Amino acid sequence: MKAEYNPKEIEKAIQEEWLKEDKFKATPDDREKFYCLSMFPYPSGKLHMGHVRNYTIGDVISRYKRMRNFNVFQPMGWDAFGLPAENAAIANKVSPKDWTNENIEYMKKQLASLGLSYDWSKELRTCEPDYYKWEQVIFKRFHDQGLVYRKKSFVNWDPVDETVLANEQVIDGKGWRSGAQIEIKEIDQWFIKITDYADELLESLDEVDWPENVKVMQRNWIGKSNGAEIKYLIEGSDNYLTAFSTRPDTIFGVSFLAISPNHSISLKLAETDSSINQFLDKCKETKAAEADMAKAEKLGIDTGLSAIHPLTGKKIPVWIGNFVLLDYGTGVVMGVPGHDQRDFEFASKYQIEILQVISSDEEGLPVLQKGSLINSGIFNGMTSENASEKIVAELKDKDLGEELVQFRLRDWGVSRQRYWGCPIPVVYEDGEPRVLDESEMPVTLPELPANSAPIPLSQNKDFINISENLKRETDTFDTFMDSSWYYARFPSSNNKDEIFDKNSNYWLPVDLYIGGIEHAILHLLYSRFFHKALRDMGMVEGNEPFKKLLTQGMVLKDGAKMSKSKGNTVDPQSYIEKYGADTVRLYMMFTAPPEQSLEWSESSVEGASRFIKKVWNLVNERKYLDIKEPSIFTKEEADLRRKSHTTLVKITNDFETRHSFNTAIAAMMELLNFIPDSFKNEDADESSKYCLNEAITILLKTLNPIAPHISEYLWNDFYGDFSDDNIESSWPEVREDLLEVSEFDLVVQVNGKVRGKITIDKGLTQEEIEVLAKSIDNVSANLKGAVIKKTIYIKEKIINFVF
RNA sequence: GGGGAUGUGGUGGAACUGGUAGACACGCUAGGUUUAGAACCUAGUGCCGCAAGGCGUGGGGGUUCGAUCCCCUCCAUCCCUACCA
């Protein structure tokens, strides 16, 4: 009588065993190391499908690498500071700390129930002083390196709630809670000079094994562009407006300058000019997010000022444009409407002159391609490239411009006006900021009274006032700071005296980093910057933190991202309880390749469950038979052996190089379906049983990384006391001698259309093959009376007769 | 607006380097088993067509003996856009 598959029981028993034996605790040894890291979660309450997918991928690869005899370190922790805790605290009257820690405890249980092989001894939480103390230390050291400065910068200000809002808290220009029209307000904030590393962040992308699309996104984000800085004298003054342009060849086409609404000139004019003042007020209503700025209607106002064209001496009007960013470049744009789409639209709207200075075969403006110059004085007839060089030289002669390399990347503003974050370790002595010494750290976040909503630090008198003239900084760090160095802290997370000890040195860099594609730019760029800055201070080794990157796609339902606001979430926990972790893991890996988005499908879970049960029924209570490899096999037996080993080759390739687990699982299913029923009988031949055992061995071992509970349970049951072979530590060996075949199937085409198939012996020549192919009825019928012009033969694949 | 992806049967997906489109599953249909259902097993299943055959990888065009794959163009959906994480 077969026992029924009971995932709950099996999984619990196996997980307890792992725990008892401390199976996944990693320590340095002689083997090759493999640091496998999945992006740690924000403890939002419970795991969602995106987490399950992310962590299953990481675990499958970790377990596979262990079977290949790597020393694997796979830690887990919590990105525990952040906005949702404050929102929850306000909504539910619990402290962000209690809310966060309760969420962590629950989610940790969920992770355990998925059978993820983490080294929990190195767990970290970014909201603990043990962790963020070191973040403050890093900030101090960055400061001492000249990487930290203070600057005025813009925030979304809710005038009713009197708070700074995150971009996502501004909906249609209004505060989400108060409904008030938000304002762009300028306040003092802390910045880190990531731009000092712009060039290296760009260059060393070549060193990492990352998906090309992520590298492209980062390159475009950093946005290195070669161009020129061009100075325009403001008429009637000694002041210049300096604009950056990547197209100095179009300088004769400049017909206006546009300055940012926040430019000092704009602000000055607004003091006396009421219409400009009104215009600036209107500009403040556009949310600070780039996407919103870009979508907003392009508006401008003429300042009445004129600038002098550096080469023609012509007067050019100066406008204020709501599309000009002060933070990017100089806050001044030179408008070339004949050769730039946006400038063209702006000039058309406000009836500004549009000049053509690059010739084009096609009618109409703007002309966006480079070409040869017209209407450009002595530069007429030159190519864009040539003219750019000459024009910049001319400007340089006149001291009105020079070549310049410009980056799109801006410095990183790390100040947040929030409670639930790492306090910025700064005090103000009579208003003058001083970054604290390491001996004064950590600056701990003050506790809140129980059941209290978070009080902003700026209102917490006990925290702020150290003495009469000594006040604390009340901003906390951007949570991207917390997640920019956790990968390096993990191996040393228990060390209270050192930020990174020899363990970090041993395990770094991360060999494989796995996380959502949505982090392709910001998080990964900030982490790369941290690593380089830490390296320059001698704190870590190597240029890059993450050697290889795997970006997993999102989990969708009905074509949309699962989210609370859309109400289309699926709770993983109920599926773990109903089907078991192995089925959920198998489903996640089977349904789509890791990089693609995964469409959640209820019924496909059933399919995964069915396969697991089939494996159970095949192996359960089958006792290992100590059979020596026989010397003679029937054809059926030999076919199964070949299938077992070709499957193993495919799966190994899918795991190792393609991370294509869905096709690996499909191959396992094929192997299972291939086993003849007669081999499973008690009275089958010994040689058949031998082949069956071989297939089962390959099946259970290759399944182990994906469905570790059932495969380990069955393995122990299957082998019983007969073998010391431990399923977790050995990947099966391929028998190359079994892979060879003597025949192949050839597709026969006539004029590119399939007209027949034929099995060909490998020893035949092409001439012999052609004769055989032509002898197929349907082929000869299609070739009747035709003169063959060309025969294309692709070895062991296809033959095509063309007439 | 800019940057990056994706688009293949009723559904999820496969086709790895330009060489049999639809592997493997889900669903559906028929049959078996069962008191019935569930589960399980067997067979079938891209579309049109009685068939021969034709059509078919978002739309249109191109390169090629041959295109899901390469090029051009258009459309749709998703991600990021510096304060969600």
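Quick caveat, the model's predicted, so the values are computed rather than measured. The sequence lines fix the lettering, A, B, ..., with proteins before strands; numbering per chain opens at 1.
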(request) Go through B:U81, B:G19, B:C24 for me and flag the one nearest to the A:K797 side chain. (result) B:G19

Rounded to whole angstrom, note down the [atom1] distance from [N] over to [M].
N     : M     : atom1 : answer
B:G19 : B:A15 : P     : 12 Å
B:A67 : B:G22 : P     : 16 Å
B:U57 : B:U68 : P     : 7 Å
B:G59 : B:U8  : P     : 10 Å
B:G46 : B:C24 : P     : 13 Å
B:U64 : B:G9  : C1'   : 28 Å
B:C55 : B:A21 : P     : 13 Å
B:U29 : B:U34 : P     : 22 Å

Any strand is fair game: report the nucleotide pairing with [N] by Watson-Crick or G-U wobble, both distances under 3.5 Å, or none.
N     : value
B:C83 : none
B:U6  : B:A76
B:U33 : none
B:C65 : B:G19
B:A38 : none
B:G27 : B:U45

(message) Can you list everything that forms a side chain to side chain donor-acceptor pair (under 3.5 Å) with A:T663? Sequence neighbours excluded, please.
(response) A:D654, A:R658, A:S660

(message) For A:Q189 and A:Q417: C-alpha separation, side-chain torsions, deciding distance, then whether side chain to side chain donor-acceptor pair (under 3.5 Å) applies.
(response) CA-CA 10 Å; A:Q189 312 215 57; A:Q417 296 70 39; 3.1 Å; yes

[X] [atom1] - [N] [atom2] separation (whole Å):
X      : N     : atom1 : atom2 : result
A:R410 : B:A82 : CZ    : P     : 7 Å
A:H519 : B:A5  : NE2   : P     : 19 Å
A:Y587 : B:U11 : OH    : P     : 15 Å
A:L672 : B:A25 : CG    : C1'   : 13 Å
A:W176 : B:C84 : CH2   : C1'   : 9 Å
A:D292 : B:U81 : CG    : P     : 11 Å
A:E606 : B:U11 : CD    : P     : 20 Å
A:L586 : B:C26 : CG    : P     : 11 Å

Is the shortest side-chain N/O distance from [X] to OP1 or OP2 of [N] below 4.0 Å?
X      : N     : value
A:R610 : B:C26 : yes
A:T663 : B:A14 : no
A:N673 : B:A25 : yes
A:K753 : B:C55 : yes
A:N220 : B:G4  : yes

Which part of the nucleic acid, if any, lies within contact of [X], taking any heavy atom under 4.0 Å across all strands shown: a base, the sugar-phosphate backbone alone, or nothing?
X      : value
A:R219 : nothing
A:F801 : nothing
A:A291 : base
A:K215 : nothing
A:N653 : base
A:M293 : nothing
A:V155 : base
A:I665 : nothing

Before accepting this row, confirm whether a basic side-chain N of the pair [X]/[Y] lies closer than 4.0 Å to the acidic partner's carboxylate O.
X      : Y      : result
A:D478 : A:R416 : yes
A:E212 : A:R219 : yes
A:K152 : A:D188 : yes
A:E290 : A:K295 : no

(message) Syn or anti for B:G9? Use the chi torsion, O4'-C1'-N9-C4 for purines and O4'-C1'-N1-C2 for pyrimidines, with syn inside 90° of 0.
(response)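 Nucleotide B:G9 adopts syn.
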
(message) As a test of understanding, state which of A:Y486, A:Y132, A:F40 forms a ring pair (Phe, Tyr, Trp, His ring centres under 6.0 Å) with A:F81.
(response) A:Y132

(message) For the residue pair A:K789 and A:F803, would you count it as a cation-pi contact if the rule is NZ or CZ under 6.0 angstrom from the ring centre and within 45 degrees of the ring axis?
(response)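 Verdict for A:F803: no cation-pi partner in A:K789.
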
(message) Between A:R342 and A:S415, which residue's closest nucleotide on RNA chain B lies nearer the 5′ terminus?
(response)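 In this pair, the answer is A:R342.
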
(message) If you assign A:A666 and A:P41 each to the RNA chain B nucleotide with the nearest heavy atom, which residue ends up on the more 5' nucleotide?
(response)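 Its nucleotide being nearer the 5' end, the pick is A:A666.
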
(request) Rounded to the nearest 0.5 Å, what's the gap from CE on A:M588 to CZ on A:F661? Could you check? (result) 14.5 Å

(request) Confirm from the modelled atom types if A:E599 and B:G13 form a donor-acceptor pair under 3.5 Å, side chain to base only. (result) no

(message) When you measure only distances, ignoring hydrogens and angles, does the side chain of A:Q417 come within 3.5 Å of the base of B:C83 through a donor and an acceptor?
(response) yes

(request) Treat primed atoms plus P, OP1 and OP2 as sugar-phosphate and everything else as base, then score nucleotides 64-76 of chain B 5' to 3': B for base contact with protein heavy atoms under 4.0 Å, S for sugar-phosphate contact only, - for none. (result) -B-----------

Show me the donor-acceptor pairs within less than 3.5 Å that the side chains of residues 166-173 of chain A make with the rest of the protein, sequence neighbours left out.
from   : atom 1 : to     : atom 2 : distance (Å)
A:N167 : OD1    : A:N156 : ND2    : 2.9
A:Q169 : OE1    : A:A166 : N      : 2.8

(request) Verify the neighbour count for atom NZ of A:K774: are there more than 12 heavy atoms of other residues, nucleotides or ligands below 6.0 Å? (result)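 Buried by this count: over 12 neighbours within 6.0 Å.
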
